[in-house]
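Numbers for residues simply follow the sequence, beginning at 1. On a predicted model such as this, the values are computed, not experimentally measured, just so you know.
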Amino acid sequence: MTTDKRRRYSAPVVDGINKSASRAMLRAVGFSDEDFRKPQVGIASTWSNLTPCNMHIDGLAREAAKGADEAGGKSLIFNTITISDGIANGTEGMKYSLVSREVIADSIETVAGCEGFDGLVAIGGCDKNMPGCMMGLARLNRPAVFVYGGTIMPGDNHTDIISVFEAVGAHARGNMDLIEVKQIEETAIPGPGSCGGMYTANTMASAIEAMGMSLPGSSAQNAVSDSKLADCEAAGAAVLKLLEADIKPSDIMTRDAFENAITVVIALGGSTNAVLHLLGMASTMGVELSLDDFVRIGKQVPVLADLRPSGHYMMSELVAIGGIQPLMKMLLDRGLLHGDCLTVTGKTLAENLADVTPYPEDQQIIHAFDNPIKADSHLRILYGNLAPEGSVAKITGKEGTHFSGRARVFHSEEEAQERILDGTVVAGDVLVIRYEGPKGGPGMREMLSPTSAIMGKGLGSDVALITDGRFSGGSHGFVVGHITPEAAVGGPIALVEDGDSITIDAVNNTISVDVPESEMEQRRKAWQQPEPRFTRGVLAKYARTVSSASTGAVTDLP
């Protein structure tokens with residue numbers, strides 16, 4: 001057995017006369033005698049030509065492989081899947097989106113565990129790629145670096161994918177003709193990269209960098225840029241240093257590191273999906289994290305970034321002024337980050353930030369602490385008789401902080417979308433979209449099409465939407481998701497009826513239906529659990545194994 005601690009996993013696969021067949025197979029893919037004595041670095045690529053978020057990642061994977069090879073390792077590139085939320089949103093296909101996070105984690109664990117990789121680089125470019133990669137790395141707990149594929153550039157007239165979704169609503173309202181919609185459709189997505197605002201992809205990339213699992217600067221780089229190529233090459237080399245020092249994800253992904261991630265997500269005004277994914281990643285790593293941690297940290301951390309969807313600027317514009325590193329330095333100097341957390345550089349977060357220069361004085365994207373976008377978190381964890389186990393809202397204050405209205409109940413996203421576009425939904429309604437949770441959907445679809453239609457119809461200040469599903473990072477308005485327990489298991493959201501009075505209070509963090517408990521109990525007795533929509537295949541398996549959204553909707557709980 002080898003004494004080289006860097007080859008802990010590859011040595012049993014390739015060393016000794018008994019492994020001659022293994023070596024024969026590897027010679028066919030390019031191994032030389034010398035390569036068998038090197039630590040093996042798996043490069044998990046999420047390349048696919050089905051979405052702009054990932055269409056360029058094959059080139060990034062080759063750069064990461066180059067970095068690992070030049071640093072003395074032997075790289076092997078393998079693929080995992082991706083799906084596109086932007087394509088699937090509003091369809092049955094979106095039920096597979098959150099499921100893909102688990103499939104990605106399973107596949108990375110499976111390949112690396114089977115092949116005996118000593119270290120890994122994982123490269124993600126779309127919403128579920130990133131937490132899926134991180135969960136796979138956490139399960140394996142081998143020296144690893146995550147690389148973000150980078151953000152897309154803005155389309156014509158400062159447009160992006162959300163501009164297209166909202167154009168559909170504007171057309172339904174009569175404010176935009178078909179030619180104008182088509183012009184936005186043709187120009188909003190100009191090339192490779194993830195959706196351009198502080199939507200879920202850019203949110204999760206920032207969270208992972210704040211956690212210390214990406215090299216400094218990785219989250220704020222344009223997808224097509226020399227800096228992104230250099231980031232990938234450096235990541236490959238960094239894995240060899242982590243192998244030498246025996247630094248593993250469990251050394252980096254600590255509770256304090258998750259708190260740093262939450263802090264940065266709040267300061268950036270990030271996606272509600274960060275709550276779901278950080279809970280899932282923490283669960284996989286064995287770190288205790290709960291919805292209440294978001295409440296506690298949210299009382300201390302302001303929203304400082306004026307970024308889409310609620311703000312004005314795009315990620316590429318934040319890249320141009322220095323990315324998130326100066327923001328992290330601001331938060332560290334304010335005492336809001338744990339500076340002693342270890343990172344994939346082998347240094348602490350504070351050491352990484354020591355020489356970071358401030359933002360240019362004339363920039364308007366990141367506000368000062370004395371002039372925040374919002375004085376506390378926009379991520380509101382709401383409890384009440386509609387969500388006794390919690391729910392998640394994104395309230396920036398621009399929507400107001402209170403909403404009361406009459407329930408208009410739908411049993412699917414499609415049904416709600418039709419009634420928004422045809423004018424059935426009117427001011428004062430609280431749309432209740434249920435049976436869209438992790439088990440009930442199954443798959444916890446994003447309600448991006450309905451929320452975009454609401455905004456496009458000009459009802460953003462007059463209509464609220466609540467769901468046991470979730471939202472895109474591009475959703476904005478008075479929306480509450482992740483309502484638990486979900487309808488499919490008999491949660492209170494399953495008992496709401498048309499016309500019930502619902503009140504959402506984002507100051508006191510409550511969500512309630514004004515129905516006496518005695519009446520709710522009668523409805524509960526009359527409620528019948530729907531038959532599963534899927535009985536075979538990945539969706540059925542997911543529905544049987546997935547946990548509540550309040551614990552991260554994971555499928556690998558002990």
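Considering every non-hydrogen atom in both Ala267 and Leu331, the closest pair reads CB-CD1, 4.0 Å. Listed here is the closest heavy atom pair of Val409 and Glu415: O-OE2, 4.5 Å. Considering all non-hydrogen atoms of both residues, Leu318 and Tyr359 come closest at CD1-OH, 4.0 Å. Taking every heavy atom of both residues into account, Ala207 and Val265 meet most closely at CB-CG2, 3.7 Å. Summarising the geometry of Asp231 relative to Ser218, their closest heavy-atom pair is OD2-OG, 2.8 Å, with the distance given to 0.1 Å. Ser472 and Ser271 make their closest contact through C-OG, 4.5 Å (heavy atoms, listed as atom of the first residue, atom of the second, distance).
Among pairs with a residue in residues 459-484, those fulfilling ring-ring contact (aromatic ring centres under 6.0 Å, His included) read Phe403-Phe478, at least two apart in sequence or across chains. For residues 404-432, every residue pair satisfying the ring-ring contact (aromatic ring centres under 6.0 Å, His included) rule, not counting sequence neighbours, is listed here: His411-Tyr435.
Among the candidates Ile123, Ile83, Thr82, the single residue satisfying the side-chain contact (heavy atoms from CB on, under 4.5 Å) test with Asn129 is Thr82. Only one option out of Val479, Ile504, Ile433 pairs with Ile466 in a side-chain contact (heavy atoms from CB on, under 4.5 Å); it is Ile504.
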Enumerate donor-acceptor pairs with a distance under 3.5 Å from any side-chain N or O in residues 184-192 to protein atoms, sequence neighbours excluded.
unit_1 : atom_1 : unit_2 : atom_2 : d
Glu186 : OE2    : Lys182 : NZ     : 2.3
Thr187 : OG1    : Gln183 : O      : 2.9

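Using modelled atom types, no side-chain atom of Lys439 and backbone atom of Ala487 make a donor-acceptor pair closer than 3.5 Å. Using a distance-only test at 3.5 Å, with no hydrogens or angles considered, a donor-acceptor pair links the side chain of Asp177 to the main chain of Ile179. Side chain of Arg408 to main chain of Val430: no donor-acceptor pair is present (N/O by atom type, distance under 3.5 Å, no hydrogens or angles). Remark: side-chain polar atoms of Trp47 are not paired, donor with acceptor, to backbone N or O of His56 under 3.5 angstrom. Between the side chain of Ser225 and the backbone N or O of Asn222, at least one donor-acceptor pair lies under 3.5 Å. Side chain of Ser214 to main chain of Phe146: a donor-acceptor pair is present (N/O by atom type, distance under 3.5 Å, no hydrogens or angles). Checked by atom type and distance alone, the side chain of Asp468 pairs as donor or acceptor with a backbone atom of Glu436 at under 3.5 Å. Formation of a donor-acceptor pair under 3.5 Å by the Lys228 side chain with backbone atoms of Gly150 is not found in this model. Side-chain N or O atoms of Asp160 include one that pairs as donor or acceptor with a backbone N or O of Ile162 at under 3.5 Å. The main-chain N or O of Ala553 is found under 3.5 Å from a side-chain atom of Arg101 such that the two form a donor-acceptor pair.
In terms of the side-chain contact (heavy atoms from CB on, under 4.5 Å) criterion, residue partners of Cys195 (sequence neighbours excluded) are, by chain and number, Ile161, Tyr199. Applying the salt bridge (Lys or Arg N to Asp or Glu O under 4.0 Å) criterion to Arg173, with sequence neighbours excluded, gives no partner residue. Residues that satisfy the side-chain contact (heavy atoms from CB on, under 4.5 Å) test with Ala238, not counting sequence neighbours, are Val145, Leu215. Ser219 pairs by the side-chain contact (heavy atoms from CB on, under 4.5 Å) definition with Ala205, Ser206, Glu209, Ile324, not counting sequence neighbours. Take Ile373 and apply the side-chain contact (heavy atoms from CB on, under 4.5 Å) test, not counting sequence neighbours, and it matches Val303, Asp306, His367. Shown here are the ring-ring contact (aromatic ring centres under 6.0 Å, His included) partners of Phe78, two or more places apart in sequence or in another chain: Phe117. Applying the side chain to side chain donor-acceptor pair (under 3.5 Å) rule to Arg380 yields the partners Asp376, Asn509; only residues at least two apart in sequence or on another chain are considered. The side chain to side chain donor-acceptor pair (under 3.5 Å) test applied to Arg62 returns no partner, not counting sequence neighbours. Contacts of Thr467 classified as side chain to side chain donor-acceptor pair (under 3.5 Å), with partners at least two apart in sequence or in another chain: none.
Other residues, nucleotides and ligands place more than 12 heavy atoms under 6.0 Å from the CG atom of Asp422. Around atom CG of Asp355, no more than 12 heavy atoms belonging to other residues, nucleotides or ligands sit under 6.0 Å away. Other residues, nucleotides and ligands contribute more than 12 heavy atoms inside 6.0 Å of the NE2 atom of His402.
The shortest side-chain heavy-atom distance between Leu349 and Leu337 falls under the 4.5 Å cut-off. Considering only heavy atoms from C-beta on, Asn273 stays 4.5 Å or farther from Met204 through its side chain. By the 4.5 Å heavy-atom criterion applied to side chains, Glu102 and Met135 are counted as neighbours.
Residues His171 and Glu166 have side chains that never bring a donor and an acceptor to within less than 3.5 angstrom of each other. For the residue pair Lys128 and Ser97, a side-chain donor N or O sits within less than 3.5 Å of a side-chain acceptor on the partner.
Cation-pi geometry between Arg308 and Tyr313 is not met: the NZ or CZ atom fails to fall both under 6.0 Å from the ring centre and inside 45° of the normal.
Rounding to the nearest 0.5 Å gives a distance of 9.5 Å between CG of Asn157 and OG of Ser163. Asp69 contributes atom CG, which lies 3.5 Å from atom OG of Ser75 (distance to the nearest 0.5 angstrom).
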